[in-house]
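Values in this document were obtained by computation on a predicted structure and should not be read as measured data. As a basis for the values below, the full set of heavy atoms in this structure was taken, side chains included, without hydrogen atoms, waters or symmetry mates.
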Amino acid sequence: MFHDPALGRTTDSTGRIFNCRFIFSEALRDVPENHHVKFNVDVKVQNDPDRLFALMHDIISTQPNWETILAPRILLGLWHPRFLSFAKARLPYCRRSYIGNSPYIARKYFWNDCDAFSMSFASLTTADGEKFRKECKAAGKNLMVWTVNQPDHMMEAVRWEVNAIITDVTKTWLDLRAALNADYEKQSSQYGRSFLWTSLQFYTPFMLALGKMSQSSLEKIAGPFDDYLSPPAVVAGKA
């Protein structure tokens with residue numbers, strides 16, 4: 001996935017993505033050695049979810065052996081709860097994740113309908129972030145963290161035992177991972193945790209304010225979150 005319009009910042013190639021002809025998607029789809037690779041789809045809130053997911057189904061369902069080889073590897077990353085019902089209706093065979101920076105939003109609007117949570121690094125550094133990490137592990141929910149570009153932040157994410165680290169500097173992460181596999185104790189000892197006390201972004205009041213700002217921004221585009229809040233399950237009592 002690329003956020004940039006060109007390849008230069010995050011890869012060793014050049015050129016605008018619009019002008020590139022990519023064949024790697026077929027290789028990832030068709031070559032058996034690549035069937036472990038997952039497709040993490042960042043679904044931007046500006047889309048019409050019904051139209052988007054209908055188009056995605058049309059494309060996915062035309063691929064050979066899509067139900068067994070392709071569909072189980074697709075993860076739909078959702079920012080707004082409006083997209084949940086459309087994802088379940090149009091693409092019921094795809095797993096879903098919440099993307100955001102608020103454990104509160106993740107719990108309230110996405111917990112029951114998502115298999116994974118893609119959280120900003122800073123959101124997981126607070127006391128509530130630590131609690132959320134433990135909740136995910138206890139519930140068997142996958143946890144991904146973004147965008148982790150500094151080695152000491154990468155090491156912290158490793159300590160958290162997250163399932164995936166999303167970064168712009170893949171070589172830095174791959175080199176660190178290889179070094180950790182070779183000698184975990186030696187490598188991990190080189191990265192302290194003092195950075196957690198050196199920036200406002202790792203403090204609870206800042207993260208709460210940022211979470212509210214992010215929710216407000218998303219609601220301006222796709223409507224109030226509470227309009228799409230699933231009703232709580234009703235458990236019938238014994239007669």
Side-chain angles (χ1 to χ4, degrees), residues 1 3 40 42-45 75-81 83-84 95-169 172-173 176-177 180 184 187-222 224-226 228-230 232:
M1 179 186 72
H3 288 291
N40 184 18
D42 184 343
V43 181
K44 296 305 184 184
V45 71
L75 180 66
L76 301 175
L78 311 177
W79 294 83
H80 194 292
F83 287 67
L84 284 168
R95 294 179 301 126
R96 297 174 294 274
S97 73
Y98 160 69
I99 304 177
N101 58 9
S102 171
Y104 168 79
I105 290 175
R107 293 186 188 100
K108 182 175 181 180
Y109 300 98
F110 292 90
W111 185 262
N112 292 330
D113 295 308
C114 288
D115 305 286
F117 294 87
S118 183
M119 308 293 293
S120 70
F121 177 81
S123 71
L124 298 177
T125 63
T126 65
D128 192 41
E130 180 180 9
K131 179 183 177 184
F132 185 74
R133 287 188 268 120
K134 292 178 179 177
E135 290 169 349
C136 285
K137 181 172 289 189
K141 306 277 190 179
N142 285 336
L143 187 60
M144 303 178 287
V145 60
W146 52 266
T147 301
V148 190
N149 290 338
Q150 297 174 234
D152 52 349
H153 295 187
M154 293 176 180
M155 188 64 238
E156 185 67 9
V158 171
R159 294 188 185 105
W160 295 342
E161 299 181 344
V162 300
N163 299 95
I165 292 176
I166 299 171
T167 180
D168 293 328
V169 287
T172 300
W173 162 234
L176 176 59
R177 188 177 69 174
L180 289 169
Y184 183 90
Q187 291 299 319
S188 62
S189 66
Q190 297 179 28
Y191 300 99
R193 306 184 70 242
S194 60
F195 70 87
L196 292 168
W197 288 267
T198 62
S199 173
L200 282 175
Q201 68 175 315
F202 302 132
Y203 282 79
T204 295
F206 180 87
M207 287 309 306
L208 290 175
L210 184 61
K212 288 185 177 295
M213 290 173 58
S214 298
Q215 180 174 346
S216 176
S217 177
L218 292 167
E219 288 183 331
K220 288 178 181 178
I221 299 171
F225 278 23
D226 283 344
Y228 305 96
L229 182 63
S230 299

Tyr109 and Tyr98 aromatic centres sub-6.0 Å
no

Would you give the length of the straight line joining atom CG of Leu196 to atom NE2 of His153, rounded to the nearest 0.5 angstrom?
7.5 Å

Indicate yes or no for a side-chain donor-acceptor contact from Ser216 to the backbone of Met213 under 3.5 Å, with no hydrogens or angles considered.
no

Is it true that a side-chain atom of Ser214 and a backbone atom of Leu210 form a donor plus acceptor pair closer than 3.5 Å?
yes

Keeping the roles fixed (side chain from Asn149, backbone from Asp168), state whether a donor-acceptor pair exists under 3.5 Å.
yes

Where do Phe195 and Glu156 land on the side-chain contact (heavy atoms from CB on, under 4.5 Å) test, with the steps shown first?
CA-CA 10 Å; Phe195 70 87; Glu156 185 67 9; 3.9 Å; yes

Under a 4.5 Å cut-off applied to non-hydrogen side-chain atoms, are Lys134 and Lys137 in contact?
no

Rounded to the nearest 0.5 Å, how far does CH2 of Trp146 lie from CG of Asp42?
9.0 Å

Can you measure from CD1 (Ile166) to CD1 (Ile99) and round to the nearest 0.5 angstrom?
7.5 Å

Which pair of heavy atoms, one from Trp79 and one from Gly100, lies closest together, and at what distance?
CZ3-CA, 4.1 Å

Within a strict 4.5 Å, meaning less than it, do heavy atoms of the Asp113 and Leu78 side chains meet?
no

Any non-hydrogen side-chain atom of Phe121 less than 4.5 Å from a side-chain atom of Thr147?
no

Test item: Gln201 side-chain N/O and Phe206 main-chain N/O as donor-acceptor pair under 3.5 Å:
no

Ignoring hydrogens and geometry, is there a side-chain-to-backbone donor-acceptor pair from Ser123 to Ser102 under 3.5 Å?
no

More than 12 heavy atoms of other residues, nucleotides or ligands under 6.0 Å from NZ of Lys131: is that the case?
no

With a 4.5 Å cut-off on side-chain heavy atoms, are Leu229 and Pro81 touching?
no

Phe83 versus Arg96: any side-chain heavy-atom pair under 4.5 Å?
no

Nearest-0.5 Å distance, CE of residue Met119 to CZ of residue Arg133
11.0 Å

Yes or no on side-chain contact (heavy atoms from CB on, under 4.5 Å) for Met144 and Ser97, after CA distance, side-chain angles and deciding distance?
CA-CA 9 Å; Met144 303 178 287; Ser97 73; 4.2 Å; yes

Where is the tightest heavy-atom contact between Ser188 and Leu180, given as atom of each residue plus distance?
N-CD2, 4.0 Å

Taking all non-hydrogen atoms of both residues into account, name the closest pair between Thr172 and Pro151 and its distance.
CG2-CG, 4.0 Å

Checking side-chain contact (heavy atoms from CB on, under 4.5 Å) for the pair Leu143/Trp160: CA distance, chi angles, key distance, verdict?
CA-CA 10 Å; Leu143 187 60; Trp160 295 342; 6.0 Å; no

So, the side chain of Thr126 versus the backbone of Gly129: is there a donor-acceptor pair under 3.5 Å, distance only?
yes

Contact check, side chains of Ile221 and His80, non-hydrogen atoms, under 4.5 Å
no

From Leu76 CG over to Arg95 CZ, what is the distance, rounded to the nearest 0.5 angstrom?
9.5 Å

Exercise: identify the closest heavy-atom pair between Ser120 and Asn101:
OG-CB, 3.3 Å

Does OH in Tyr104 sit with more than 12 non-hydrogen atoms of other residues, nucleotides or ligands closer than 6.0 Å?
no

Could you give the distance from CH2 (Trp173) to CE (Met155), rounded to the nearest 0.5 Å?
8.0 Å

Are the side chains of Arg107 and Asp128 in contact, using a 4.5 Å heavy-atom criterion?
yes

State, yes or no, whether a side-chain contact exists between Glu135 and Phe117 at a heavy-atom distance under 4.5 Å.
no

Minimum-distance pair of heavy atoms, taken over all atoms of Gly211 and Ile105
O-CD1, 4.3 Å

